[in-house]
Amino acid sequence: MDWSRLRSLVRQIGSHVPGIVLGAILPATCAGCGRSGHWICEECTKLLRQVEPPGCQRCGRLGVHRWQCWRCAQLFPRKLRRVRAGFVYEGPMRRAIQRFKYNGEYQRGYDLGYRLGDRVKAVFPGQQIDLIAPVPLHPRRYRSRGFNQSAIVADRLADALHVPVVNPVERVHDTVPQVQLTARERVVNLQEAFELDETKAHALTDKSILIVDDVMTTGATLAAVAGAMQQSGCRRIFGLTLAREQ
């Protein structure tokens, strides 16, 4: 069977079908070489590059050899203590994330989540994590996509760490996509975009929380979510993404 033609046909028919439905229909194909049977095959897995030990101890930015660089000093709220990523955003990992988010390949997210789960203890050695919180989508974006990619990854991390997932923050403004924005524009774009759900805030008191997202460029999204969350009385906040720009 020609899987590429099948995928094209399914997307044409299902252009208005939520991603969660398309994800159940489309077969597994490697994001690197395109062969069927695996989301990322064994050979292309060897091409995935893990993020090297960071320079900036707080945000992981390379080339800075101290506790924090100027960017996270200005951007991160006080309780956002450390941000890390599992992989470099390039090659098969970049294509896998893009196909997961934008092509309706819902089930690819489980594979990515498990891969990040294998990395989480290495990037946060000795750190206690009590709760996992995915970056929320605005309801309109959720209806369009059919799933929250960060929530799928968070569920897999919860399996790896044996801790619960919580959703204490809501996205109250449907901001424009961050992809084409400058670092400064990203911060402005996310101002007041997230809001703490006061009915859930008590569950965060004195807890260490891991915020999960898909890709990190400047850290503006993690910082905005952490800024809303730290009003809850949580003890500390960490951030983790599948990949980061390097």
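For reference, positions follow the sequence shown, starting with 1.
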Requested in this report: State, yes or no, whether a side-chain contact exists between L204 and K200 at a heavy-atom distance under 4.5 Å.
Outcome: no
Query raised in the report: Considering only heavy atoms from C-beta outward, does the side chain of R171 approach that of R141 to under 4.5 Å?
Result: no
Query raised in the report: Does some side-chain heavy atom of T241 sit less than 4.5 Å from a side-chain heavy atom of Y89?
Result: no
Query raised in the report: Side chains of W39 and R99: does their closest heavy-atom pair fall under 4.5 Å?
Result: no
Query raised in the report: Are the side chains of Q230 and I237 in touch, meaning some heavy atoms are under 4.5 Å apart?
Result: yes
**Report entry** Salt-bridge present (E245, R94; N to O < 4.0 Å)
**Finding:** yes
Requested in this report: Taking all heavy atoms of C234 and all of I209, pick out the closest pair and write down the distance.
Outcome: CB-CD1, 3.5 Å
Report summary line: Exactly one candidate in R49, E52, Q50 meets side chain to side chain contact (heavy atoms under 4.5 Å, CB included) with V88; the answer is R49
Query raised in the report: R81 side chain to R236 main-chain N or O, any donor-acceptor pair under 3.5 Å?
Result: no
Query - Flag side-chain contact, heavy atom, 4.5 Å: P134 against V165 - result: yes
Query raised in the report: Taking atom types as modelled, is there a side-chain donor on D213 or S150 under 3.5 Å from an acceptor on the other?
Result: yes
Query raised in the report: Can a salt bridge be assigned to the pair D111 and R108 using a cut-off of 4.0 Å between side-chain N and carboxylate O?
Result: no
Report task. Please tell me if the side chains of R95 and N103 come closer than 4.5 Å, counting only heavy atoms from C-beta onward. Result -> no
Query raised in the report: Counting only heavy atoms not in K101, do more than 12 fall under 6.0 Å of its NZ?
Result: yes
Requested in this report: Compute both the distance and the angle, then confirm whether R82 meets the cation-pi test with F238: under 6.0 Å from the six-membered ring centre, within 45 degrees of the axis.
Outcome: no
